[in-house]
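Numbers restart at 1 for each chain; the letters A, B, ... are given by sequence-line order, proteins then strands. Keep in mind that this is a model prediction, so the values were computed, not measured.
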Amino acid sequence: MIAALRAWGVSRVVLVVGVAVVVIETTATDQFTLPTIEDRINGWALVPALVALTLAEPLVDRSPELTEHATRSPVVIALARLALAYAGAVVVAGYCLFSPEGGVVAAYVLTSLALASVAAALIGPWYWAPLVPITFAWLQQTAGAFPRPSFAIPVAVLVGTVAGSSIVYAGATVIRARPAGRPPGRRRRRRP
Amino acid sequence: MIGLRTEWLGPPRVRAALLAALVGAGLVPVLDRDMPWLGSWKVALDQGTFSITTLGPVAAGIACSVYVRIRRSEVPELLAQARRPWLGWLAPGIGVWGLASLAVVLICAFTTTVTWAIGAHAYPDLFWVVPPALAVLAAEVAIGALIGSQVQHHWATPWAAVIVFMVYILSSVGVLPGVFRTGGVTGTLAGQTFHAPTFAWQALAGVGLAGGAMALSRWELFRVSGPVSRGATGLALVGAVVAMFQLRGDSDERYVFAATVQYECREGEPTVCMLLETTRPLDDLSAKMRSLSDHLEAAGAQLPEQFRQRVPGEPDPHHGFLRMRGDAVLAATVDYLTAAESLAQPAGCSAYSSDDPRVLPEVWFTVDDVLVRWLLVQEGHETAPSDGALADWWALPRARQWPWVRATYDALRDCRLHALRLPTSAS
């Protein structure tokens with residue numbers, strides 16, 4: 001499993017966490033303006049978007065042939081990939097929680113990764129493409145307001161979003177791992 | 001002829017899907033909440049180039065993905081044996097840039113055509129602002145190609161998009177030179193045009209950065225390319241360095257006042273004129289101003305013959321002055337408040353741009369409020385205040401309010417602002 005984690009990019013997850021911490025420490029409380037957006041954007045707004053764009057990368061199966069021949073079930077593989085991505089996101093969210101004004105942002109870090117995992121489930125390696133314009137729309141919509149307390153996400157909604165998106169991702173992984181023409185439940189397995 | 005093939009972009013249906021993705025990504029910043037660009041062809045064109053804000057990072061990600069695939073294949077080694085290896089290396093990048101450029105041109109065509117179709121005056125000669133934007137796009141695609149070629153792993157693709165998007169943000173906030181900012185004006189561009197030198201510097205910087213990034217993406221091939229390629233890239237890089245120093249100081253000067261302006265008018269009493277490029281609300285505004293002006297005429301006030309949209313920095317005491325915020329200038333309709341405020345300024349006095357109370361007396365602000373409200377009350381869009389210092393005056397019959405209205409309007413029309421007085425119940 002260690003080799004798999006390395007192949008999926010555990011080092012890059014660590015790098016993203018490091019970059020996110022640097023961004024939080026240097027720009028999170030800064031405000032800036034972008035063209036056509038009238039209100040000032042709080043640096044905090046960048047954190048969930050950038051984390052989602054980069055941390056979801058381990059969720060992309062770059063070697064589906066290997067996955068098809070894996071000894072473990074696709075669900076376990078999907079959950080392991082999710083665990084890797086969410087491990088990074090939880091560290092970033094935790095760092096947000098203990099930063100001034102960052103309490104509201106923590107839930108958005110996890111929610112944005114949930115969104116990215118759905119994108120990865122639907123369009124695989126191109127998951128980032130819709131997230132770029134969504135990031136701009138997010139900055140546009142939240143300018144001047146994020147991360148006010150009114151943005152707080154209820155815990156139940158957060159848990160539901162993460163759980164729901166994880167089910168979608170795991171389901172998509174199972175469907176992709178099934179060889180064409182083979183009915184469900186008849187998946188080829190090898191002895192470990 | 002391995003040189004100029006662009007099969008790396010995939011079969012036609014994949015290219016069509018990529019084009020659709022690029023257009024979709026670029027439309028997000030264009031189709032923002034109120035779409036004010038519908039009110040001006042110039043703003044629509046500017047907004048079309050603003051699509052590069054999100055389209056550029058997506059194009060960079062695509063370029064990154066393509067060059068990862070190329071580097072992980074045997075093609076670079078094959079290219080080294082080709083007659084023109086450098087062109088062969090550039091071809092996929094040019095292909096991605098071509099697709100992305102087509103997407104930008106389609107978006108610009110969409111915004112300008114829609115704006116023209118709903119009545120805006122078109123300025124097709126201003127399409128020259130698109131090529132500099134495409135040069136910036138080339139730089140973004142080249143950055144994606146550079147990342148893909150150097151990293152050689154598909155995980156780099158979202159990183160390329162993120163890096164290019166961050167470069168745009170840093171360029172827009174002034175941390176980096178303003179090379180990567182395209183479009184995105186927040187004003188009306190009425191009486192203004194695009195500042196050609198800024199766009200020329202931007203184009204030079206874009207081409208130079210694109211050339212430099214592509215050279216670094218596969219130095220071994222660039223090194224053995226022809227002297228023309230190497231010389232042109234070197235010159236472009238030098239130009240880019242100079243341009244970036246220029247853009248550091250000039251990045252905000254993307255727009256300048258036009259040498260001449262033209263008006264479109266709706267004849268009547270009064271005649272209402274707006275700048276030719278922003279006439280969307282003209283019919284509605286002139287109708288509302290005519291309706292309100294009946295009350296001034298009933299009071300015996302003499303209206304100026306013409307009310308004009310103001311050209312910033314140019315006082316015009318001979319015409320009335322349309323007081324409109326940017327969103328009102330670009331909107332399809334205006335509210336009665338805008339019409340009343342415009343009507344209450346029958347001359348563009350130079351004093352209005354002064355902060356000095358000796359030039360612009362404090363009483364003007366209150367007088368202006370009362371006059372605007374009086375117009376709205378006559379039209380039934382406001383109710384007369386029943387309390388406050390002027391309650392007695394508001395309670396007077398309309399005919400007894402007319403002398404103050406007449407005297408005030410005459411003073412405003414003649415720019416005798418120190419002659420303004422608040423109304424009293426004895427007036």
[X], part contacting chain B, at a heavy-atom distance under 4.5 Å:
| X | value |
| --- | --- |
| L139(A) | side chain |
| E57(A) | side chain |
| I134(A) | neither |

Looking only at heavy atoms, which two atoms of [X] and [Y] are closest? And how far apart?
| X | Y | value |
| --- | --- | --- |
| G184(B) | T36(A) | CA-CG2, 3.5 Å |
| I62(B) | W128(A) | N-CH2, 3.7 Å |
| P35(A) | G183(B) | CB-O, 4.4 Å |
| T54(B) | V132(A) | O-CG1, 3.7 Å |

Could you measure the distance from the [atom1] atom of [X] to the [atom2] atom of [Y]? Nearest 0.5 Å is fine.
| X | Y | atom1 | atom2 | answer |
| --- | --- | --- | --- | --- |
| L46(A) | F165(B) | CG | CZ | 7.5 Å |
| T186(B) | L34(A) | OG1 | CG | 12.0 Å |
| E38(A) | D327(B) | CD | CG | 7.5 Å |

Under 4.5 Å heavy-atom distance to chain A, tell me which part of V58(B) shows up: side chain, backbone, both or neither.
both
At a 4.5 Å cut-off on heavy atoms, which part of A25(B) comes close to chain A: side chain, backbone, both, or neither?
both
Given M166(B) and L50(A), is the side-chain contact (heavy atoms from CB on, under 4.5 Å) satisfied, shown in steps?
CA-CA 9 Å; M166(B) 288 307 295; L50(A) 297 183; 3.6 Å; yes
Verdict with reasoning, T33(A) to V173(B), per side-chain contact (heavy atoms from CB on, under 4.5 Å)
CA-CA 7 Å; T33(A) 54; V173(B) 300; 5.8 Å; no
Decide side-chain contact (heavy atoms from CB on, under 4.5 Å) for W159(B) and V16(A); before the verdict, give the C-alpha distance in whole Å, the side-chain angles of both, and the deciding distance to 0.1 Å.
CA-CA 10 Å; W159(B) 286 85; V16(A) 172; 3.3 Å; yes
Show the numbers, then the answer: is there a side-chain contact (heavy atoms from CB on, under 4.5 Å) between S172(B) and F32(A)?
CA-CA 9 Å; S172(B) 292; F32(A) 60 94; over 6 Å; no
Has R72(B) got more than 12 heavy atoms of other residues, nucleotides or ligands less than 6.0 Å from its CZ?
yes
In terms of heavy-atom pairs under 4.5 Å with chain A, which of I169(B), L55(B), L27(B), V185(B) leads?
I169(B)
Is the gap between the ring centers of F136(A) and Y168(B) under 6.0 Å?
no
